[in-house]
Enquirer: 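Got a structure here, written out as structure tokens. Questions coming.
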Amino acid sequence: MAKVGITRILRAAIAEACHLLLFPMHADTYRHRGARRTLVEELRRKGIRDERVLAAIGTVPRHLFFDPAFQAHAYQDKAFPIGEGQTISQPYTVAYQTELLRLQPQDRVLEIGTGSGYQCCVLLELVSQVWSIEYQPVLYERTRKRLAALNRAAHLYCGDGSVGLPDQAAFDKILVTAGSPTLPRPLLRQLRIGGALVIPVGDAQTQRMMRVVRESEEEFSREVFEEFRFVPLLGRAGWQQ
């Protein structure tokens with residue numbers, strides 16, 4: 001039995017080495033998967049309770065959203081610069097916002113701020129339809145190619161996320177991954193009745209996470225949660241550049 005076990009381990013190691021040689025940019029090794037398990041346990045200790053969200057964090061290979069030179073930072077619970085003045089969000093923040101959405105598999109989700117595409121891929125583990133808008137053209141092109149290479153099917157747009165996608169509304173859930181000075185009225189109008197918007201609102205330094213639920217055509221309920229710090233939401237209904 002011991003010899004059989006060793007043989008299986010050797011075969012798996014050889015297969016993984018071959019995969020690394022053939023697909024070095026898309027490699028997801030035992031080490032990476034172990035690092036994700038450790039990260040998931042850290043997020044659980046920090047208060048994330050939704051097991052579906054934790055499973056999504058444990059599935060999406062965050063290191064593939066980093067340049068190879070910086071992949072050692074991928075499974076640390078911290079934000080990291082990705083260029084164009086943007087960051088890939090801290091895993092805790094990704095999990096926290098995703099948990100607040102209370103996603104259902106059939107939900108139509110709009111994400112404001114595609115960034116690296118990591119949050120988008122976490123959402124795609126939980127729902128089948130995600131629309132995502134990125135303000136920065138360079139990031140949009142980079143992320144569009146990355147998600148295509150990873151075979152992740154999202155509806156990606158480049159433009160002013162603060163005004164949403166009225167032609168695609170209504171959405172069950174809207175997630176904003178940048179700090180806004182106010183609640184963007186265009187996004188509120190694109191929620192279906194019963195739908196929820198999760199967004200950080202505040203000044204340029206710190207924001208409070210909010211969940212806004214559309215109760216009727218003109219009525220919205222609000223909940224205020226923890227304090228965070230995000231890059232600014234740029235656009236007509238956000239911060240003016």
Enquirer: Taking side chain to side chain donor-acceptor pair (under 3.5 Å) as the cut-off, I'd like each qualifying pair that reaches into residues 197-206, sequence neighbours left out, listed once.
Expert: Q205-R229
Enquirer: Between side-chain atoms of residues 117-130 and protein atoms elsewhere (two or more places apart, or another chain), which donor-acceptor pairs fall under 3.5 Å?
Expert:
| residue | atom | partner | partner atom | Å |
| --- | --- | --- | --- | --- |
| Q119 | NE2 | T98 | OG1 | 3.0 |
| E125 | OE2 | R152 | NH1 | 2.7 |

Enquirer: Restricting to pairs with a member in residues 191-241, which pass ring pair (Phe, Tyr, Trp, His ring centres under 6.0 Å), not counting sequence neighbours?
Expert: Y96-F228
Enquirer: Output all residues satisfying salt bridge (Lys or Arg N to Asp or Glu O under 4.0 Å) with E223, sequence neighbours left out; order by chain, then residue number.
Expert: R211
Enquirer: Not counting sequence neighbours, which residues clear side-chain contact (heavy atoms from CB on, under 4.5 Å) with A95? List them please.
Expert: L43, I48, V53, I57
Enquirer: Can you check whether T182's main-chain N or O pairs, donor with acceptor, with S180's side chain at less than 3.5 Å?
Expert: yes
Enquirer: Same cluster or not: are L110 and L188 linked, directly or through other Ile, Leu, Val, Met, Phe, Trp or Tyr residues, by side-chain heavy atoms under 4.5 angstrom apart?
Expert: yes
Enquirer: Would you mind listing every salt bridge (charged side-chain N to carboxylate O under 4.0 Å, His left out) that reaches into residues 78-92, with sequence neighbours excluded?
Expert: none
Enquirer: Mind checking whether H73 and F66 have ring centres under 6.0 Å apart?
Expert: no
Enquirer: Applying side-chain hydrogen bond (donor to acceptor under 3.5 Å, both in side chains), name anything that partners R189, two or more places apart in sequence or on another chain.
Expert: E218
Enquirer: Which residues pass the side-chain hydrogen bond (donor to acceptor under 3.5 Å, both in side chains) test with S116, not counting sequence neighbours?
Expert: none
Enquirer: Can you list every pair that meets ring pair (Phe, Tyr, Trp, His ring centres under 6.0 Å) and has a residue in residues 145-199, with sequence neighbours left out?
Expert: W131-H155, W131-F171
Enquirer: Any side-chain heavy atom of V224 sitting closer than 4.5 Å to one from M209?
Expert: no
Enquirer: For Y135, enumerate each residue passing the ring-ring contact (aromatic ring centres under 6.0 Å, His included) test, keeping only those at least two apart in sequence or located in another chain.
Expert: none
Enquirer: Using the side-chain contact (heavy atoms from CB on, under 4.5 Å) criterion, which residues pair with R144? Sequence neighbours excluded.
Expert: Y140, E141, L156
Enquirer: Look at the side-chain heavy atoms of Ile, Leu, Val, Met, Phe, Trp and Tyr, link any pair under 4.5 Å apart, and say whether V94 and L103 land in one connected group.
Expert: yes
Enquirer: Looking at every heavy atom in both Q76 and R62, which two are closest together, and how far apart are they?
Expert: O-NH1, 3.6 Å
Enquirer: Stepwise, does the side chain to side chain contact (heavy atoms under 4.5 Å, CB included) test hold for E99 with R52?
Expert: CA-CA 9 Å; E99 187 171 61; R52 299 172 306 153; over 6 Å; no
Enquirer: Is there a side-chain contact between R45 and E41 (heavy atoms, below 4.5 Å)?
Expert: yes
Enquirer: Show your reasoning for whether salt bridge (Lys or Arg N to Asp or Glu O under 4.0 Å) applies to D172 and R108.
Expert: CA-CA 5 Å; D172 298 290; R108 302 175 80 250; 5.7 Å; no
Enquirer: Quick one: salt bridge (Lys or Arg N to Asp or Glu O under 4.0 Å) partners of R236, sequence neighbours excluded?
Expert: D160
Enquirer: Is the side chain of T143 donor-acceptor paired with the backbone N or O of L139 at a distance under 3.5 Å, no angle test?
Expert: yes
Enquirer: How long is the gap from CD on E134 to CZ on R142, to the nearest 0.5 Å?
Expert: 10.0 Å
